[in-house]
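Note sheet for the following structure.
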Number of protein chains: 2
Amino acid sequence: MSGTERMMTPSLRKQHERCADCGIRNRAVCSYCGPQELGLLDTIKFYRSYDPGQEIVAAGEQTDFLGSVVEGVVSLSKTMPDGRRQMVGLMFASDFVGRPMRPIAPYDAVAVTPVRLCLFNRGRFERLLKDTPVLEKRLLEMTLDELDAARDWMLLLGRKSAREKIASFLAILARRAASADNVDADDGFFFDLPLTREQMADYLGLTIETVSRQITALKKDGVVEFPDARRCRVPDFVALLDAAGEDSDGGMID
Amino acid sequence: MSGTERMMTPSLRKQHERCADCGIRNRAVCSYCGPQELGLLDTIKFYRSYDPGQEIVAAGEQTDFLGSVVEGVVSLSKTMPDGRRQMVGLMFASDFVGRPMRPIAPYDAVAVTPVRLCLFNRGRFERLLKDTPVLEKRLLEMTLDELDAARDWMLLLGRKSAREKIASFLAILARRAASADNVDADDGFFFDLPLTREQMADYLGLTIETVSRQITALKKDGVVEFPDARRCRVPDFVALLDAAGEDSDGGMID
DNA sequence: GGTTCTCATTGACGCAAATCAAGTGGGAAC
DNA sequence: GTTCCCACTTGATTTGCGTCAATGAGAACC
């Protein structure tokens, strides 16, 4: 059985109902609409937009809000005193940004693409959290998911070669696209590459030059194609997982 | 003002009350005794011991228990198909092991030193969790702390040199020792080094040879001393932070 | 059209850490 | 004592990635 066939299981094709309140695709996953029945948070929410490259919060800054990514991509990154930078989080639509009970941000949050956030007043949100165990449980689940992602990322940073890092990153994006969109896997996986080379380098613990070289190499080997500058096609997902140094079994199973 | 002086603030010297039920030093931090007043979990807890090197759970295995580390050190690590290994977690006394609502372990958990765990039946613990928001909140806090640690670790893995990695790791242990024990900072910081070179290499994304060489170099530079094979002394914490590539301001402030 | 951005690619070179390979020291068993 | 075993150290060599530098390709603007 080929990996392409595997990826066409119904669980990957399911369409999510879009949340009417905040625009997030999967209402059940939306961090504030999901947990409660009829918009408990409606009275304290507001929206804010950011341009690509715009700083949302700086490391060490006090934040008076928490929220969800409605659309766009947000990066979280840490910077060393001498300027070396490492991305430590990459948030997409429906991801929760900001840490309850932790008003000081330990990293910079920057808009990668045009971003729209749905925000809540921190104090009011935390008070609501106290009386809404189901919301707390949702946050715990999301935090556990982030921790899982962080640990996979640590394996990538500590033990993978530059080529494997790039392939792993593309596999993450391909997986995301496969579970979010209605994919026609017969023709491979298409997805947008929202990051610049520099941002990818920050994500992967590499330099832009190495990122560029390894992408060129993967193209040469037919593992990925770039029909458009910012659009990527993966003809064979199993080949990509192989290049990522990952077990091809279970890659798309949920 | 020197960094050594800074580290003698009262908050670093405070002694914690030891939990009478499970032996964990700080009862307020103990993941199950802390949240409720009189041992709600007492009826479902049991203890288990492990020898150094002994596997607690294997990646992919289903776990029927959750719990706290009572004493000893537990490592969590991921292994690639070809055998490359990266540690992704290091748990000490009072840390929570196992993930609620996630019965399949995504990594190996191994006893580094002799370990004693206080365990709870998973099903019963999760049922209790549902009715005990304060316990859930405690778990959320601990998960957020782990996520913070994971993100610092990602910066280490992605951007630090071998020397900086070693120094950072020793600084983490020194900080732990300083906040847990009654430290006499006048004579520097003493702490045990519970890991072998191989385990340190797995933690830091290095090889044993590189770990060995960099420790030798740090000894030669007077940043650390090893009066005993497994005992470490840091004469000047600021010098260690400097070698770690970290800002020496705020290193020990909580 | 040209100029000036920014982002990406490609090449030449150097170095830090991995790899390969001995060699050391210390503790346990006998 | 001797032997074995293990963790650790040290040295020689290789290599993957970083660094430095030049070039290319669009997009925005005058």
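What you see is a predicted model, and the numbers here were worked out from it, not measured in a lab. Chain letters run A, B, ... following the sequence lines, proteins first, then strands; residues in each count from 1.
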I need the residues from residues 72-91 of chain B with at least one non-hydrogen atom less than 4.0 Å from DNA chain D; give them sorted by number, or say none.
none
Under-3.5 Å N/O pairs linking protein and nucleotides 8-12 of chain D:
residue, atom, partner, partner atom, Å
dC8(D), OP2, Arg197(B), N, 2.8
dT9(D), OP1, Arg197(B), NH1, 3.1
dT9(D), OP2, Arg197(B), NH1, 2.6
dT9(D), OP2, Ser212(B), OG, 2.6
dT9(D), O5', Ser212(B), OG, 3.0
dT10(D), OP2, Thr216(B), OG1, 3.2
dG11(D), N7, Arg213(B), NH1, 2.9
dG11(D), O6, Arg213(B), NH2, 3.3

Whole angstroms only, please: what is the CG-C1' distance between Leu206(A) and dA8(C)?
16 Å
Tell me, please, which residues at least two apart from Thr63(B) pass side-chain hydrogen bond (donor to acceptor under 3.5 Å, both in side chains).
Arg122(B)
Would you mind reading off the distance between Ile166(A) atom CD1 and dT9(C) atom P, rounded to a whole angstrom?
10 Å
How long is the straight-line distance from OH of Tyr50(B) back to CD of Glu55(B), given to the nearest 0.5 Å?
10.5 Å
May I ask you to say what Gly53(A) touches in the nucleic acid, namely base, sugar-phosphate or nothing, with a heavy-atom cut-off under 4.0 Å?
nothing
Whole-Å distance, Lys160(B) NZ to dC17(D) P, equals 22 Å
Pairs satisfying ring pair (Phe, Tyr, Trp, His ring centres under 6.0 Å), at least one member in residues 67-93 of chain A, at least two apart
none
Rounding to an integer number of Å, can you tell me how far Leu157(B) CG sits from dA17(C) P?
13 Å
In this structure, which one of Leu206(B), Val211(B), Thr210(B) forms a side chain to side chain contact (heavy atoms under 4.5 Å, CB included) with Lys165(B)?
Leu206(B)
Given the rule in the side chain to side chain contact (heavy atoms under 4.5 Å, CB included) test, do Val223(A) and Val234(A) qualify, once you have shown the distances and angles that lead to the verdict?
CA-CA 7 Å; Val223(A) 180; Val234(A) 175; 5.8 Å; no
Grab the N/O contacts between the protein and nucleotides 13-16 of chain D below 3.5 Å, and write none if there aren't any.
none

d(NZ, Lys165(A); P, dC17(D)) in whole Å
8 Å
I'd like to check the side-chain hydrogen bond (donor to acceptor under 3.5 Å, both in side chains) partners of Gln214(B); sequence neighbours left out, ordered by chain and number.
none
Name all pairs fulfilling the ring pair (Phe, Tyr, Trp, His ring centres under 6.0 Å) condition that reach into residues 207-235 of chain A, sequence neighbours left out, sorted by first residue then second.
none
Less than 6.0 angstrom from the centroid, inside 45 degrees of the normal: does Arg175(B) satisfy that with respect to the ring of Phe189(B)?
no
Nearest whole Å is fine: how far is dT9(C) C1' from Met200(A) CE?
14 Å
Sequence neighbours left out, what pairs pass salt bridge (charged side-chain N to carboxylate O under 4.0 Å, His left out) with at least one residue falling in residues 195-216 of chain A?
Arg85(A)-Glu198(A), Arg85(A)-Asp202(A), Asp202(A)-Arg159(B)
Any donor-acceptor pair under 3.5 Å from Thr216(A) side chain to Ser212(A) backbone
yes
For Arg231(B), check salt bridge (Lys or Arg N to Asp or Glu O under 4.0 Å) against everything at least two apart and list the hits.
Asp192(B)
Per the salt bridge (charged side-chain N to carboxylate O under 4.0 Å, His left out) rule, which among Lys219(B), Arg233(B), Lys220(B) passes with Glu225(B)?
Arg233(B)
Partners meeting ring pair (Phe, Tyr, Trp, His ring centres under 6.0 Å) with Phe169(A) (sequence neighbours left out)
Tyr203(A)
Please confirm whether the backbone N or O of Val88(A) pairs with a side-chain atom of Arg151(B), one donor and one acceptor, at under 3.5 Å?
yes
Nearest-Å distance for atom pair CG/C1', residues Asp228(B) and dG25(C):
15 Å
Hey, are Glu146(A) and Arg99(A) close enough for a salt bridge, meaning a charged N less than 4.0 Å from a carboxylate O?
no
Passing option when Tyr47(B) is tested against Leu119(B), Val70(B), Leu117(B) for side chain to side chain contact (heavy atoms under 4.5 Å, CB included)
Val70(B)
To the nearest angstrom, how far is Leu204(A) atom CG from dC17(D) atom P?
12 Å
Considering only nitrogen or oxygen atoms on both sides, find all protein atoms under 3.5 Å from nucleotides 24-27 of chain D and state each distance.
none

To the nearest 10 degrees, the angle between the two end axes of the helix from dG1(C)-dC30(D) to dC30(C)-dG1(D) (five pairs per end) comes to 30°
